[in-house]
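What follows is a set of notes on a single structure, which appears directly below.
No hydrogens, no waters, no symmetry mates; every other heavy atom, side chains included, goes into these values. So that the names make sense, note that chain A is the first sequence line, chain B the second, and so on, each numbered from 1.
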Amino acid sequence: MLRYSRLYKKSNPLCTLVRTQRSLSSVTKLLKPATSMSSTALGSSSRGGDMVFPRPPQVLLSTKFEPFDRSYAVNNASESKDLMNLWSLLEACLHSRYIDRAFSILKSLYSVKSHRSYFIDDYNKFLMVYADTQRDMKELDKKLFEDLQITFPACEYNDKTLAILIHYALKYLDDTHSITKHCQTYFKMNTNGVRSILSNVEVLTIQDYKRLVNDFELVDLQELPAEIKPLVHTPKSLSDSLESVSTSEEQPSSPAMQKPSTEISLDSDINPLPKDVGELLAVDTIGMKVVRHTLLGLSLTEQQKEQIRSFNFDTTANLLNFDKDKENIDFFAIYKTLKTEEEKERFAKALDEFNQERQHQLENRATDAAKERWKHDFEEAKARGDLSIQKKLNVKLWEWYNQMLPLVKEEVSRCSQVMENTSETDDLNAQERRQNKARMDYGPYLTLVNPEKMCVITILELLKLNSTGGIIEGMRTARAVISVGKAIEMEFRAEQLLKSESRVFKDINKKSHEFKMLVQNARATFRSMKIESSKILWPQEARAKIGSILISMLIHVAKVRVEGVDPVTNEKIHGEAPAFSHGYQYHNGSKLGVLKIHRTLVHQLNGERLVAAVQPQLLPMLVKPRPWKSWNSGGYYYTQSSLIRSKDSPEQVAYLKAVSDTGVIDKVYQGLNVLGETAWTINRRVFDVMSDVWNSGKPFLEIPGIQDKLVLTPQPPRESDPSVHREWKLKNKELANAFSSNRSARCDANYKLEIARAFLGEKFYFPHNLDFRGRAYPLSPHFNHLGNDMSRGLLIFWEGKKLGPTGVKWLKVHLSNLFGFDKASLEDRVGFTESHIEDIKDSAQNPLDGNGWWKQADKPWQALATCIELNEMLKMENPEEYVSHQPVHQDGTCNGLQHYAALGGDIEGATQVNLVPSDRPQDVYSHVAKLVVARLEKAARNGDETAGLLKDKIKRKVVKQTVMTNVYGVTYIGATHQIDKQLSNVFEDHKQSYELSKYLTKHVFASVRELFEGAHLIQDWLGECAKRISKSIRVDVDEKSFKNGNKPDFMSSVIWTTPLGLPIVQPYRENCKKQVATNLQTVFISDPFAVNPINARRQKAGFPPNFIHSLDASHMLLSAVECGSNGLDFAAVHDSYWTHACDVDKMNVFLREQFIKLHEVDLIERLKNEFDQRYKNYLQILKIDKKSDLARSVMELRKQLSKDLGRPITLADEIYMEKKRIQLLESEDPEEQAKGKSMVTTVSIVGSSQDNLIEKSKDGSCTLVLAPLTLPQIPPKGDFDVKELKNSKYFFS
Amino acid sequence: MAIRIPTAKELRSIKHYYGFKYLLNSQTHESIFQKLQIEAKYKDLSKLKVLDLYPGPSNHSALFVNLFKPAQYMLMDSRPDFLRHIESFTKGTSLQFYKHDPYEWKSYIDLIEKDKLFIPSIKPRDLVHDECLVIANLTGMIGEGLFMQWLACIGNKNWLQKYGRIRMLVWVPESTAIKVLAKPGEQIRSKCSVVADTFTDTRLIATTNSTSLRKFNSKILEKHEPILFPTEDIWLTGGKPISLLEVTPKEHNVDLDNWDYVTKHLLILKSTPLLEALDSLGHGAKDYFTGKLDREFLKKTAKDLDTEEFLYLTNLFDKWPFKPDIYMDFIDVFQDND
DNA sequence: ATTTTAAATACTGATATAAGTAATAGAGAATCT
DNA sequence: AGATTCTCTACCGACAATATCAGTATTTAACTT
């Protein structure tokens, strides 16, 4: 073992860790005591009733910069980074059972003092694996004793440790007496009660619970966790089936035993499934029979019944229908025909049961499925004797797979050898030794997923990345290696979850529906716990390394038949070449690693459908997403996703984790769950039309046509002028650009259609998560309701609702809106639709052969869908009876400005964005255009020629983009470009139009400012706050960042809490990327755990829009919750809310109520209070007049101090002193407090000065001083009262 | 009559130099011209046409005219801060001034073909052009890039080089000179030194006497015996050192496209043995080349290769039946269209 | 066996790369003298 | 302290430069006492 730790030291962060200890401790000593900061929390949180604005939890307001939460309670960036790496490595080693190395990692973890109190968690993980391998209780006890007494004396066991001991006692001891004795002891040792021990469901199995309760009667049933109870003690009605089930392991396939209480005839074709899939499956197959039975029991047509009878409910064989020629059951069609609610419910239940299983398969067996397809095609080809030169793609892939597999296995076993130190180390040359050393780094990760899967993943990832990253026939190496690494990691997590789940539940069989539900419930809980416990992500470096290893193996084996021309004989010759080739390309003088795909393979890929590459883990879900319960538990079942998409910012995650389980963001969870629970299906009619268009290969609307290969223009003669050459190059780049954007557009459309096809007739859901501002996005890429018009046109609600009187109206309005006719009153919009009834009918009936009216719409596909819906409706005798599935949108009119107007209280602005009731919708863009024209006219009257030239040219369109982007803080120059784009249509001369644009931009800005005066003051205020915060200094700033005795790095990002309690951390920091060596090349990646200096510019520019977005996100989630709890189906695209036509009126009321509720509180004041708390005691650097009294006294003190110190005083010294002063002031000890009060520092002098210090006196010489961070005063608010919104029907319309 | 040489005093009003550096010591200039043996290279000075690009303060221009009285001496510059200066001091002299941007290819077309103000004679390529000389200062920020393009023009035989092998005297930053003059085996051996080797004879005529002098190839220093001048002679002071190169185009017959591809790619892995480095040339390159080259050669690295060896590899590459499409060798910049 | 010293290795940071500054030009921050 | 030169340039979803070497830090080995 000593040897291991030696080896380990050699190549791991441990050494740096130990190194930094010395310098660290001095820093840690200076930190304020932990108690001092929690007292700064905002009052006591009296949370009553419907609290929309919970107080932010205390941790958020700590003035101490805490990049990580409790388990990351480390405040040194490099240390925390090492910790993350160590954890990741520990996890990997434990999974691969490298006990010794794991133990040495534990030792290094133990040596990190700041982490000491959480060390037991790591130890427990180790203990579990250790116990598993040791198989002897005595040994285990001894080991534990030794470890805790001698090796890790400062570490104390906890209840989980005891749970582990109990579990293994139950497992390894065989006589009742010793089990009882052991367990009794363990229970007595509890630290937080027996219940706490028993709550470790990820340790104890159901069997354990049963034995503890029933057999040994060591604990009472009441002590068990709620979800477990029913499984251990089953109600009478279920006990029979349970009884038979629990013994079924001994008698696996006795037909008699498996006869369930329901009356399904059981055929004897229960295929025992491969062992590793787990017993669950075998049983579920029976479950599927139940599903079929249930479905057949519904009132269906004979045809439908026949469909169901012949449908293979075996999910391993029949997952999603990616087959073009095969028709799956159209569940949606069946569902629609059901008459009674009762039947619908029964159907839903059965479908759900079936889908539960399918979802499980989808997420878990994705790679296997791909492999099976290859194999199938290969064998088919072999059977036909058709292994011709132009092999089918899948045949090739299967061959590659088979050649790659042994290489991977070899490498994996090498890694294992190195890890176990069984390899011969003596007679190795330097090269091999180095390689082995590298294996120490990536080995633990490479051994986690089985080689078969890794091969498949590698192949799939590379194919998927074809033609990405601007490479014409290939991809960027950096992207490839990381993608493969990530995919492996994802697979590992899913596998790990599945394995441990079946471990816990393996003793259980389930037959009856109720019992199954119980198990499901317990499983969900279990999953959540499990997911939470595996919080550690692999370091980017490890991903890149294993990715590169696998890719280089694939490169090595993957060959394609190629054709070439012999330059001498000019004959065609054939040969074999690697399918992938690693090389480089230059871009603006920078090298870029490239993985080229051979042209023949690219052509083949272009011909194939993209089925192979669709990432099956991230499709829409067949069952309701797992509800969000904590920061990383929700969404898919086996694929881990986190509540927010943090941009590699540990800070964001830390703040999120801190509130995750405190209940303050429950509204966020609820809102997301509502979004996730909306069931969708594919609009088959629209799909059919699209499919026709697609297959024609011709360009149509936004679908680009099929294109042949890229043809570049021939090179001009060498001796032509350089400018000609330049033209040629540009031309080619343009061609390539057009080609690849066309290609990617067609790919994108292809993905969408493929996914839509697979989900035809299915019921599915979109799991959501949030971006860092709190806006919601579906997790499934490619195809979702946030997509383009095409995606949206394909989607309808699964549930249908009768239109009713208002529904008819709203459906008509919807169509009008889709045509861009949305500035008129609702009545006029209805009129618009009614005046096109014939067009609608034509469009619906002959979408492609008719007049194609729908194609003229702004959003043609959605318009087509709505036309079809309207057409069906019109067929009804009473249109109000029509059951509609079409989502109807209500869009905020310039939502950002709506929030700004509400914050700023601008009456005129509020009117223009429809916060004020009106009989017509206001159009802010036209209004701004009007204001601009007025300005121009005035200027023209004063003899301004430019104004005269422009004043007739100002249309809504010219200003629209600028007004819109103004909310996002567009700069003067950016806006000029936008306007120039518009004006260049009117003015021929480039120069002139640009000049005019510059001029016009000024007026547009001024007009917007005039209209939204209050809003702009707030925008400025937000910007100023962000600027000051991001340029502020924490008193316990890292000493290392005082590089040249100058300013330290600024480290504080802007952090705030949304009205829903979600903490938001702006992630903008300088990106410090480093080169990391991999097998293929070095790649340039940023370390996600590093904490870098702030990017003040982006912090400042980003804060105003981000703050507004955090508000609109809150508004959306609040509305979602409200709609959800009132039984509405709800979906949203940020500021466009969707529901059934009949519910639009209700939704509108809800969303207005929620908006009012949101803005009733003075959000800006709330924000300032939060800032004042959070950034209390932070310092800023100010420029003050050198001649002022204040400056003089500061200089005086500095002189004095430097005399005492015997050297010139630095900024660092001043900060240090201030830190001391604050420490004293916050001390418990009154004596120290008094000392603090009497202490005078440069900061205290400036702080106590009453002057307005803000950067005055530009002239005259200035001096820099430190001052406490102060934020500017909140600008005055206008008179608009948000309550007026209540009756504004055009607010969202 | 001699042209007055601008003094340092009158240059004081010029504020912006766009990063350009000029040697202002007339004495040094004179010895440079001496060393260059202008009279020997341009036998008939009455036919000599000189194009002076980015002349800036232009005191070397005045000196040149005074010394050699060429048939024509054309200055080309367009930097606002220099315009006034050049205009005023060329007035009434035989110096001509063309107010266009030497960076633009179009400027040359305009000068020669449209305005017909400077017409180089067309000379056969077997000899160096003896009636035309280009003097340029490329010490500014864009300088190095432009210099490399001019070298490429020599390869392409286009731009001014289409009139014959026109010699160029180019002021460049010292770092560029060091790079260009690197020889096989050196650490800094790079594409541009291979280009210079292949298409030109390049001599170091003069360079700043600075500490970084040692970074030059010592053999080159020995052979070329450049004139050394102190840093103080450089106008704007305090900047980086500069060097003067004499670039004499060579006649060549190189398969440029393939050659460019091969050298570019091999030099990325310039210290990796060819055995490995060659593989980055395309799918299966390693197999192809290892079959064609002997083991010892494959142990060499790209930075060790001389011109001939690069040409040999280019030839092999061209004969490769499965060679990749060398015109697809660029990256398609991701651009958003919203 | 322990300490000292030299050699070997690992790690970090700097620099060069290609070769029209893509089309645009002004504000604000960072760096240099 | 003051001028000059970089760096961006509307938010989010989003997606990325690399080889080489000099110089330093650390480890290993070699050697001495």
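Scanning residues 266-274 of chain B for heavy-atom distances under 4.0 Å to DNA chain D yields B:I268, B:L269, B:K270, B:S271, B:T272.
Looking at residues two or more places apart in sequence or on another chain, you find no ring-ring contact (aromatic ring centres under 6.0 Å, His included) involving A:F1005. Partners of A:H785 by side-chain contact (heavy atoms from CB on, under 4.5 Å), not counting sequence neighbours, listed by chain and number: A:W680, A:F766, A:H768, A:P778, A:L795, A:A1131, A:V1133, A:W1138. Evaluation of the side-chain contact (heavy atoms from CB on, under 4.5 Å) rule for A:Y584 yields A:H582, A:Q1081, B:I268, B:L269 as partners, not counting sequence neighbours. Every residue two or more places apart in sequence or in another chain that forms a side-chain contact (heavy atoms from CB on, under 4.5 Å) with A:H725 is listed here: A:Q715, A:P716, A:R718, A:S720, B:N158. In terms of the side-chain contact (heavy atoms from CB on, under 4.5 Å) criterion, residue partners of A:I1085 (sequence neighbours excluded) are, by chain and number, A:I482, A:Q540, A:A544, A:V1076, A:V1083. In this structure A:T971 satisfies the side chain to side chain donor-acceptor pair (under 3.5 Å) test with no other residue, sequence neighbours excluded.
Residue A:R645 is in sugar-phosphate contact alone, with no base atom involved, counting any heavy-atom pair closer than 4.0 Å across all strands shown. Backbone-only contact: A:K998 has heavy atoms under 4.0 Å from sugar-phosphate atoms and none from a base. A:K1031 comes within contact range of the sugar-phosphate backbone alone, with a heavy-atom separation under 4.0 Å but no base atom that close. Among the protein residues, A:F1103 comes within range of no part of the nucleic acid, since none of its heavy atoms lies under 4.0 Å from any strand. Among the atoms of the strands shown, none is found under 4.0 Å from any heavy atom of B:F147.
Here the side chain of A:Y777 is nearest to one of D:dT18, C:dA25, D:dG13, namely D:dG13. Side-chain proximity of A:F772 to the nucleotides C:dA18, D:dC8, D:dG13 is greatest for D:dG13. Nearest to the side-chain atoms of A:Q540 among the listed nucleotides D:dA19, D:dC8, D:dA16 stands D:dA16.
One donor-acceptor pair, N or O on each side, does fall under 3.5 Å between the base of C:dA19 and the side chain of B:E144. At a cut-off of 3.5 angstrom, counting only N and O atoms as typed in the model, there is a donor on one side and an acceptor on the other between the side-chain of B:Y103 and the base of C:dG20.
Between C:dC32 and C:dA16, the two P atoms lie 16 Å apart (nearest whole Å). Annotation: D:dC12 and C:dA22 have their P atoms spaced 24 Å apart (nearest Å). For the P atoms, the distance from D:dT33 to C:dT3 is 15 Å, rounded to whole Å. Taking the C1' atom of each, D:dC11 and C:dG26 are spaced 22 Å apart, rounded to whole Å. Straight-line distance between the P atoms of D:dC8 and D:dC15: roughly 16 Å, to the nearest whole Å. Taking atom P on both C:dA7 and D:dC31, the two are 10 Å apart, rounded to the nearest angstrom. Between C:dT33 and C:dT15, the two P atoms lie 14 Å apart (nearest whole Å). For the P atoms, the distance from C:dT24 to D:dA14 is 33 Å, rounded to whole Å.
Here A:Y968 and A:H1109 bring their ring centres to under 6.0 angstrom of each other.
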Applying the Watson-Crick and G-U criteria (both distances under 3.5 angstrom) with [ ] for crossing and | for other-strand pairs, one obtains for DNA chain D |||||||||.......||||||||||||||..|
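By the 30° and 60° cut-offs, the orientation of the rings of A:Y777 relative to A:H1134 is perpendicular.
Taking side-chain N and O atoms only, B:K179 has a distance below 4.0 Å to OP1 or OP2 of C:dT17. Regarding contacts with the backbone of C:dA23, every side-chain N or O of A:K733 stays at 4.0 angstrom or more from both OP1 and OP2. Residue A:Q1075 places no side-chain N or O under 4.0 Å from the OP1 or OP2 atom of D:dT18. Residue A:K1073 places at least one side-chain N or O closer than 4.0 Å to OP1 or OP2 of D:dA17.
Stacking between A:Y586 and C:dA19 is absent: the aromatic ring centre is not both under 5.5 angstrom from the base six-membered ring centre and within 30 degrees in plane angle.
A salt bridge (charged side-chain N to carboxylate O under 4.0 Å, His left out) check over residues 960-972 of chain A, counting only residues at least two apart or in different chains, returns nothing.
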